[in-house]
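Notes to accompany the following structure.
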Amino acid sequence: TYDNIAYMKAQLKSLGFALDWERELATCRPEYYRWNQWLFTRLFSKGLAYKKTGIVNWDPVDQTVLANEQVIERRGWRTGALVEKREIPMYFLRITAYAEELLSALDELPGWPEQVKLMQKNWIGRSEGVRIGFPYELNARQSVLWVFTTRADTLMGATFMAVAAEHPIAAFAAERNPEVRAFVEECKRGAVMEAELAQIEKKGVATGLFVSHPLSGEKIPVWVGNYVLMGYGEGAVMGVPAHDERDFAFALRYGLPIKQVIAVGDAAFDARHWQPWYEDKEHGRCVNSGKYDALAYQAAVDAIAADLQAKQLGEKQVQWRLRDWGISRQRYWGCPIPIVHCPACGDVPVPDEALPVKLPEHLVPDGTGNPLARMPQFYETSCPSCGKPAKRETDTMDTFVDSSWYFARFCCPGQDQAMVDERARYWMPVDQYIGGIEHAILHLLYSRFFQRVMRDEGLMPGVSEPFTNLLTQGMVLAESYYTDAGGRREWVNPADVTVERDAKGKILSAKRTADGVPVVYDGIGTMSKSKNNGVDPQDLIDKYGADTARFYTMFASPPTNTLEWSDESVDGSYRFLRKVWDFSARFSRARPAAGADRKVRYQIHLELSKANDDIERQKFNTVASACMKILNALDRLDEWDDTSREGLSILLRLLSPIAPHLTHHLWRALGFGEDVMRAP
RNA sequence: GCCGGAAUGGCGGAACCGGUAGACGCAGCGGACUCAAAAUCCGCCGGUGGUGACACCAUGAGAGUUCGAGUCUCUCUUCCGGCACCA
């Protein structure tokens with residue numbers, strides 16, 4: 001890690017960025033992560049950090065937890081073994097306590113792209129509905145199965161219930177019914193990822209248990225459904241096949257009754273084929289629903305909620321899609337979670353004076369679980385509360401914790417007595433934040449959450465939002481290739497691949513240049529460490545210099561667009577800068593002549609005013625385009641005079657932030673005054 | 001599957017409020033210079049027809065609104081980002 005920091009720091013310096021290195025920090029240093037731990041213990045005492053079970057991917061061969069990215073087609077990436085779900089205790093941060101505020105405050109962020117605000121809004125996912133209880137009796141004990149629905153108006157059409165495989169009712173049924181047990185076991189082998197869960201075939205099995213309809217008293221069968229999520233709502237849903245497309249398919253598959261309770265005009269209901277109007281909230285009216293017949297959506301929901309409330313079997317409720325943030329990682333290289341497990345006192349937070357809990361830095365991970373858990377020197381400790389022997393928590397924190405507040409720490413170099421100080425109160429929020437669009441939800445939402453948590457700890461009173469203006473730069477895409485050796489993919493950098501293409505540029509075959517081993521083309525995707533398809537800036541700097549690297553990245557596309565990396569365009573950028581240099585050299589040797597060319601003067605000023613507009617609109621690629629036009633205009637002149645001198649100075653001013661090394665040199669060589677170098 | 005984007009020549013992209021589509025660059029082609037090549041410079045460069053002026057077609061596909069649509073509306077296709085343990 002430290003070697004990488006040194007390498008990349010040298011790159012940033014040679015690219016000529018104006019950065020204040022006195023503020024440099026590394027989140028893996030105890031001076032930084034001790035404040036993660038300090039804040040965690042504060043949140044723990046407030047109940048904003050808590051422990052509950054969470055579900056993880058378990059590789060049964062390596063005996064280790066896998067990240068979602070390490071599960072490829074349901075198998076572990078190293079072992080190829082089928083991955084299992086496993087429930088383990090984990091620590092969570094209660095981001096849902098801030099759901100309302102995180103949502104409503106989006107309206108007060110005019111400096112954020114609409115696209116990002118919309119994604120966050122949908123992610124937080126506020127929905128108003130009704131919590132409904134379906135009473136049942138199990139072993140002579142009265143109980144209630146709770147569900148949440150946004151369509152309480154369809155309650156009279158409920159013909160089945162579906163519960164998650166982890167639901168207590170499913171567990172109860174599994175004990176007595178082998179068919180249910182087999183199905184629940186099958187669900188356990190399934191995926192953890194939402195994307196995969198959403199695409200699996202909707203399947204279920206009847207538990208043989210029944211609940212009562214809260215209004216009609218009818219018996220309703222309870223099923224276990226593989227599409228019901230334990231983490232959302234109550235882990236159970238009511239099935240209304242006539243008015244929910246997913247329930248409709250489920251009912252057809254298992255021969256469950258489909259009962260129409262919503263009508264739109266005279267449209268005929270066909271229980272064999274789904275039609276979109278079945279879900280129509282706007283025009284639908286209740287039918288076959290007794291006293292609720294003819295009511296529209298809102299009126300029906302209100303009436304049914306009121307009747308349920310009277311029976312104590314329901315009430316209106318606001319439900320969030322947002323879930324609490326699980327921060328436990330069973331990994332070595334991270335910030336240790338500052339908790340001691342005491343047989344007598346339970347989970348005890350490490351007191352301030354014992355912080356930081358330092359991570360041993362010289363362990364060698366072998367890929368099978370967390371080495372901290374095999375290191376008694378680390379985990380053997382005594383209880384901070386009673387002093388008896390106790391075991392230290394060996395899980396580390398999600399690295400998103402580190403990245404949720406580093407910008408506030410940048411404000412406070414040298415501060416070793418507090419997480420942040422009055423300088424953070426002075427500088428925060430960040431005026432202009434820049435990051436990839438891939439961070440639109442997780443990182444940016446966690447940071448907004450952390451800012452509020454730190455505000456409420458009194459660290460930055462009155463500062464609720466971390467970033468005033470947000471620019472989401474586009475992703476840089478590149479081709480990626482891998483060798484396929486027995487199911488294990490080894491990613492080969494595109495620079496090391498020789499490709500054969502057809503006339504249209506489509507890839508026919510590819511092989512590793514060094515040894516001719518055939519490689520598989522994996523398409524165009526994000527430049528990433530894991531796919532080894534990045535471009536090392538150092539190679540560009542070595543070959544072309546820093547100005548070309550800067551010029552290409554500014555010119556290639558608008559900053560918010562995605563960009564496919566193109567070596568040819570890098571070369572073109574270099575040649576343009578060469579041309580500026582050559583022109584300037586000719587200019588400096590020429591003798592001034594009389595007779596200003598008004599047309600050139602006009603064109604240069606036109607381009608300058610356009611370029612200024614483009615800078616306002618953050619369209620830097622057209623600024624580069626303006627530079628090229630000005631140069632071409634100047635280049636066509638036969639004589640040099642005051643106009644061409646002014647044109648050249650304008651060109652250098654536009655170029656100076658993009659190609660600072662070149663323009664700085666030319667500025668001195670051509671004897672321009674300092675005002676010329678001030679960028680517009 | 002769900003949420004958010006994108007699609008314009010051989011390629012990256014430009015077109016600001018709905019008003020001349022293809023700025024600028026790359027690649028390509030032709031020419032100048034050179035013994036030759038590189039570099040540099042000049043010219044051409046969406047498609048079809050025409051010697052030419054020019055005409056017609058063309059912004060992923062299909063409809064719609066409008067005097068006028070790359071731009072607005074609807075449907076669809078493909079690609080990209082995210083989907084909570086890549087960060």
Side-chain angles (χ1 to χ4, degrees), chain A residues 54-57 65-71 77 90 92 95 113-125 192-202 227 231-232 245-246 321-331 334 395-403 435-446 472 474-475 477 503-505 523-526 528-531 551-552 555-558 560-576 578-579 582 586 607 610 613-614 616-617 619 621-632 635-636:
Chain A
I55 301 173
V56 293
N57 302 301
V65 174
L66 297 180
N68 284 341
E69 198 197 35
Q70 296 166 330
V71 180
W77 69 342
M90 305 198 326
F92 286 78
I95 190 172
E114 288 305 318
Q115 171 196 3
V116 173
K117 288 191 276 187
L118 190 56
M119 280 193 263
Q120 292 219 347
K121 186 176 173 235
N122 291 336
W123 183 265
I124 296 168
V192 174
M193 284 165 272
E194 193 203 290
E196 213 169 316
L197 281 170
Q199 283 170 82
I200 53 171
E201 204 181 350
K202 312 295 181 273
Y227 62 95
Y232 183 72
E245 191 169 3
R246 194 168 53 178
R321 206 188 79 94
L322 183 68
R323 308 202 294 261
D324 278 339
W325 174 13
I327 59 159
S328 294
R329 297 291 180 272
Q330 300 69 42
R331 279 193 217 146
D395 279 0
T396 55
M397 288 186 202
D398 182 0
T399 51
F400 268 127
V401 174
D402 302 304
S403 59
I437 185 68
E438 75 274 21
H439 293 298
I441 294 172
L442 293 180
H443 165 61
L444 290 171
L445 192 61
Y446 291 149
T472 50
M475 314 279 301
L477 309 181
K504 285 179 182 167
I524 300 252
T526 322
S528 68
K529 282 167 277 183
S530 55
K531 287 198 173 178
F551 187 88
Y552 168 67
F555 180 58
S557 90
T560 54
N561 282 18
T562 53
L563 158 73
E564 271 177 49
W565 188 265
S566 159
D567 287 332
E568 288 86 357
S569 295
V570 175
D571 205 59
S573 301
Y574 171 72
R575 273 182 290 164
F576 170 75
R578 269 284 305 265
K579 201 168 158 181
D582 292 343
R586 275 196 291 146
E607 292 300 338
K610 238 190 99 206
D613 288 351
D614 288 344
E616 287 286 310
R617 287 155 55 210
K619 298 188 65 168
N621 60 321
T622 52
V623 175
S625 172
C627 292
M628 290 179 179
K629 283 183 194 169
I630 292 173
L631 181 62
N632 287 340
D635 206 20
R636 270 186 215 107

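FYI, side chains are in, hydrogens and waters are out, and symmetry mates aren't considered; it's all heavy atoms of this structure. It should be emphasised that the depicted structure is a prediction, and the values quoted were computed from it without experimental measurement. To find a chain, count down the sequence lines: A is the first, B the second, and so on, and within it residues start at 1.
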- Take atom P in A58(B) and the same atom in G10(B), then report the distance between them in whole Å. 16 Å

- Item | Pairing nucleotide - G18(B), Watson-Crick or G-U, each distance under 3.5 Å | none

- Is T472(A) reaching over with its side chain to a backbone N or O of G436(A), donor-acceptor style, under 3.5 angstrom? no

- Message: Has D395(A) got a side-chain atom pairing as donor or acceptor with S328(A)'s backbone, closer than 3.5 angstrom?
- Response: no

- Message: Mind checking if S328(A) touches a base, just sugar-phosphate, or nothing, with heavy atoms under 4.0 Å?
- Response: base

- Message: When the C1' atoms of A6(B) and A61(B) are compared, how many Å lie between them, rounded to an integer?
- Response: 16 Å

- Message: Heavy atoms only, 4.0 Å cut-off, all strands: where does H439(A) land among base, sugar-phosphate and nothing?
- Response: base

- Query: Considering only the P atoms, how many Å lie between A14(B) and C79(B), rounded to the nearest integer?
  - Reply: 23 Å

- Message: Would the base of G81(B) count as contacting E438(A) through its side chain, where contact means a donor and an acceptor less than 3.5 Å apart?
- Response: no

- Check if the side chain of R575(A) and the base of C26(B) share a donor-acceptor pair of N or O atoms closer than 3.5 Å. no

- Residue-phosphate contact under 4.0 Å: N68(A) side-chain N/O, C83(B) OP1/OP2: no

- Donor-acceptor contact below 3.5 Å, side chain K202(A) vs main chain I200(A): yes

- Query: Partner of C79(B) by Watson-Crick or G-U wobble geometry, both contacts under 3.5 Å, or none?
  - Reply: G5(B)

- Side-chain donor/acceptor of R321(A) to backbone N/O of W123(A), under 3.5 Å: yes

- Task: Considering only atom P, compute the distance from U59(B) to C72(B) and round it to an integer number of Å.
- Result: 15 Å

- Tell me, do N57(A) and Q70(A) make a side-chain contact under 4.5 Å, heavy atoms counted? no

- Classify the nucleic acid contact of R321(A) as base, sugar-phosphate or nothing, counting any heavy atom under 4.0 Å across all strands shown. base

- Message: A side-chain contact here means heavy atoms from C-beta on lying under 4.5 Å apart; do I437(A) and M119(A) qualify?
- Response: yes

- Message: Taking syn as a glycosidic torsion within 90° of 0 and anything else as anti, which one is C17(B)?
- Response: syn

- Quick one: label L322(A) by what it contacts on the DNA or RNA (base, sugar-phosphate, nothing), any heavy atom closer than 4.0 Å. base

- Query: Just checking G125(A): base, sugar-phosphate only, or nothing, at a heavy-atom cut-off of under 4.0 Å?
  - Reply: nothing

- Which base, if any, makes a Watson-Crick or G-U wobble pair with A53(B), both distances under 3.5 Å? none

- Spell out yes or no: do the side chain of Q330(A) and the base of C85(B) have one donor N/O and one acceptor N/O closer than 3.5 Å? yes

- How should the glycosidic conformation of G22(B) be described, syn or anti, under the criterion that syn lies within 90° of 0? anti

- Query: Which part of the nucleic acid, if any, lies within reach of V56(A) when heavy atoms closer than 4.0 Å are counted: base, sugar-phosphate only, or nothing?
  - Reply: base

- Reckon M397(A) touches a base, only the sugar-phosphate, or nothing at all at heavy-atom distances under 4.0 Å? nothing

- Euclidean distance, atom CG of residue N122(A) to atom C1' of C3(B) [Å, nearest integer]: 6 Å

- Query: Using purine N1 to pyrimidine N3 plus N6-O4 or O6-N4 for Watson-Crick, or N1-O2 and O6-N3 for G-U wobble, both under 3.5 Å, which nucleotide pairs with A37(B)?
  - Reply: none

- Query: Which part of the nucleic acid, if any, lies within contact of L442(A), taking any heavy atom under 4.0 Å across all strands shown: a base, the sugar-phosphate backbone alone, or nothing?
  - Reply: base

- Message: Between C11(B) and C85(B), how far apart are the two P atoms, rounded to whole Å?
- Response: 40 Å

- Give one of base, sugar-phosphate or nothing for A195(A), where a contact means two heavy atoms less than 4.0 Å apart. base

- Message: So, does R329(A) get its side chain near the phosphate of A84(B), meaning an N or O under 4.0 Å from OP1 or OP2?
- Response: no

- Query: Taking the same atom, P, in G46(B) and in G62(B), what whole-Å distance lies between them?
  - Reply: 23 Å

- Task: May I ask you to check whether W325(A) and Y446(A) place their ring centers less than 6.0 Å from one another?
- Result: yes

- Could you tell me whether Q115(A) contacts a base, only the sugar-phosphate backbone, or nothing, with contacts defined as non-hydrogen atoms closer than 4.0 Å? sugar-phosphate

- Task: Hunt down the Watson-Crick or G-U wobble partner of A63(B), both distances under 3.5 Å, from any strand shown, or write none.
- Result: U73(B)

- Message: Please report the distance, rounded to the nearest Å, between CZ in R331(A) and P in C86(B).
- Response: 7 Å

